[in-house]
**Q** 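One structure, as structure tokens, below. Some questions next.
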Protein chains: 2
Amino acid sequence: MTDARDTSVTPSDPPLLRGAGLTAWRQIADALADEIGSGALSAGSQLPTEAALAARFGVNRHTVRRALAALAERGLVRATQGRGTFVERGQIPYPIGRRTRFSENISRAGREARGELIAAAEIPADPETAEALGVAPGTPVVEMLTVHRADGTPISTARIALPLPRFSGFAAAYARLGSITRAFKDFGVEDYTRLSTRIGARGATPEEAARLDLAPGRPLLAVASVNVDPEGRRIEATRTLFAADRLELVVE
Amino acid sequence: MTDARDTSVTPSDPPLLRGAGLTAWRQIADALADEIGSGALSAGSQLPTEAALAARFGVNRHTVRRALAALAERGLVRATQGRGTFVERGQIPYPIGRRTRFSENISRAGREARGELIAAAEIPADPETAEALGVAPGTPVVEMLTVHRADGTPISTARIALPLPRFSGFAAAYARLGSITRAFKDFGVEDYTRLSTRIGARGATPEEAARLDLAPGRPLLAVASVNVDPEGRRIEATRTLFAADRLELVVE
DNA sequence: GAGCATTTGTGCGTATGTATC
DNA sequence: TGATACATACGCACAAATGCT
């Protein structure tokens with residue numbers, strides 16, 4: 001098939017080049033990506049249903065799904081069963097510095113922030129955590145696994161360790177208050193500052209991807225940080241994984 | 001072939017479980033990854049040749065190559081034609097803050113730093129660069145494409161823009177001096193500081209991967225920063241891509 | 001510079017086990 | 001039960017890059 005170009009095209013409908021080297025789903029994905037990039041489909045907006053897109057491009061719904069899967073893989077859209085497919089919002093600026101506080105950061109960006117406790121345990125510190133907290137390996141610590149959301153969208157997941165016995169029962173306080181800052185106040189820590197911050201990047205494992213509602217392999221910003229109380233004592237070692245598709249760190 | 005297990009195995013040779021669900025190349029990759037992780041194969045050291053590994057594990061060289069490809073994909077090893085396959089060094093700590101300087105950072109980590117100019121042009125600023133430099137879009141700028149290495153290993157690649165006409169001829173100075181800091185001195189800028197730093201993460205495109213000698217899709221830390229001179233004038237907008245496998249950002 | 005050994009990179013053909021239709 | 005497709009694994013040969021003399 002050399003050329004079967006259509007001369008009678010409806011205004012906004014792009015004609016698909018069938019039988020060429022380009023697969024149909026790729027052309028559809030590119031067309032939608034263009035519309036997202038140009039702002040024709042604005043951030044946060046809902047895409048037409050798969051059926052509607054199938055009709056518009058004159059293909060089977062499976063083909064549209066293939067295209068949408070490719071866009072989801074690139075982090076441009078996100079599909080939720082029963083709700084629809086949505087254009088991902090632009091990246092939230094997330095300031096990091098001496099006084100980083102998650103809830104403040106997110107609400108500054110005009111979104112609702114929530115921290116959810118997934119699991120907690122009092123266990124002996126692994127070598128890495130022990131070094132970060134400045135205690136002997138095997139010293140008991142509270143370890144918490146959390147997920148943070150902005151407007152319902154998972155933004156980050158963190159593994160937080162605090163030394164025992166000082167912070168015995170911290171997990172319950174965090175689960176109740178939904179904020180590290182407020183839970184610290186409950187334990188008499190009125191203020192705390194960032195001692196060190198290390199930033200790496202890697203692809204999401206399947207489990208991490210599931211927790212963050214991402215495609216596996218999508219880029220994560222891995223931030224390891226240590227917080228100290230006003231007396232300089234190390235009170236918190238955190239390893240946070242941020243979905244790089246949804247957020248950008250801003251050094252301040 | 002149900003079972004052809006060898007009863008006479010040389011001491012340190014792990015027998016591969018053939019015919020089970022585990023593929024041979026995956027077992028070999030796991031075994032080598034363990035040895036790297038445990039330090040039995042130290043960072044920077046050369047692995048046995050593919051032929052030697054094939055003999056050791058009792059498989060074809062192709063099977064070993066498959067295993068090594070998997071390790072290279074994970075960033076654990078790196079192969080160079082004619083030289084051999086080497087265990088990747090651990091991640092270099094790279095401090096970022098108000099006074100970030102590449103050469104200082106790397107040499108502080110005990111490595112030899114080098115900046116190489118790949119390309120340069122005087123072109124109108126794209127909207128993003130214009131905003132970063134605080135000039136009107138289309139204003140002419142010097143744009144340079146660079147690659148930085150530590151001990152010969154590519155660490156980062158950057159796209160650096162400086163406003164014209166103030167920095168006309170900057171690229172030649174940089175190519176000659178191999179350092180932004182020294183080239184700035186040549187233009188009468190004795191000092192400069194970081195105005196803003198934004199950090200994201202994504203997978204390497206094939207071109208970026210080629211420039212950094214990485215597998216495509218490997219994680220990159222994308223750092224966009226703006227530098228100002230002592231009078232507060234914006235003099236440099238940089239978008240740097242760091243190979244996250246080789247480096248870790250440290251906020252200071 | 002030429003020449004050589006070493007080592008990784010690549011191509012092709014073949015066989016086998018395991019799904020899927 | 002075939003037919004087909006795919007990933008795995010093997011064997012051989014040669015190309016290309018590196019390091020050394």
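Since we're looking at a predicted model, the values are computed, not measured. We name chains A, B, ... by the order of the sequence lines, and we start the count at 1 in each one.
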**Q** Take atom CZ of B/Phe57 and atom C1' of D/dA9, then tell me their distance rounded to the nearest Å.
**A** 16 Å
**Q** Using a strict heavy-atom distance below 4.0 Å, which residues from residues 60-69 of chain B are in contact with DNA chain D?
**A** B/Asn60, B/Arg61, B/His62, B/Thr63, B/Arg66
**Q** Just jot down the salt bridge (Lys or Arg N to Asp or Glu O under 4.0 Å) partners of B/Glu128, sequence neighbours excluded, or say none.
**A** B/Arg239
**Q** Under the rule for side chain to side chain contact (heavy atoms under 4.5 Å, CB included), what residues qualify as partners of A/Pro48, not counting sequence neighbours?
**A** A/Ala52, A/Leu53
**Q** For B/Phe167, give me all partners under ring pair (Phe, Tyr, Trp, His ring centres under 6.0 Å), at least two apart in sequence or on another chain.
**A** B/Phe170, B/Phe184, B/Phe187
**Q** Taking only residues two or more places apart in sequence or in another chain, which ones pass side chain to side chain donor-acceptor pair (under 3.5 Å) with B/Asp126?
**A** B/Thr129
**Q** Can you tell me which residue pairs pass the side-chain hydrogen bond (donor to acceptor under 3.5 Å, both in side chains) test with a partner in residues 63-72 of chain B, sequence neighbours excluded?
**A** B/Glu50-B/Arg65
**Q** Pull out every protein N or O sitting under 3.5 Å from an N or O of nucleotides 18-21 of chain D, one pair per line with the distance.
**A**
none

**Q** Do B/Thr181 and B/Tyr192 have side-chain atoms, one donor and one acceptor, less than 3.5 Å apart?
**A** yes
**Q** Between the protein and nucleotides 19-21 of chain C, which nitrogen or oxygen pairs are less than 3.5 angstrom apart?
**A**
none

**Q** Hey, can you pull the donor-acceptor pairs under 3.5 Å for the side chains in residues 71-83 of chain B, sequence neighbours left out?
**A**
| from | atom 1 | to | atom 2 | distance (Å) |
| --- | --- | --- | --- | --- |
| B/Arg78 | NE | B/Glu88 | OE2 | 3.0 |
| B/Arg78 | NH1 | B/Asp213 | OD2 | 2.5 |
| B/Arg78 | NH2 | B/Thr153 | OG1 | 3.4 |

**Q** Has B/Thr85 got a side-chain N or O lying under 4.0 Å from the OP1 or OP2 atom of C/dT7?
**A** no
**Q** Could you state the atom-to-atom distance from CZ of B/Arg78 to P of C/dG9 in whole Å?
**A** 12 Å
**Q** With sequence neighbours excluded, what pairs up with B/Arg26 under the side chain to side chain donor-acceptor pair (under 3.5 Å) test?
**A** none
**Q** Does B/Tyr174 have any ring pair (Phe, Tyr, Trp, His ring centres under 6.0 Å) partners at least two apart in sequence or in another chain, and if so, which?
**A** none
**Q** Please identify each residue that fulfils side chain to side chain donor-acceptor pair (under 3.5 Å) with B/Arg194, with sequence neighbours left out.
**A** B/Thr197, B/Ser225, B/Asn227
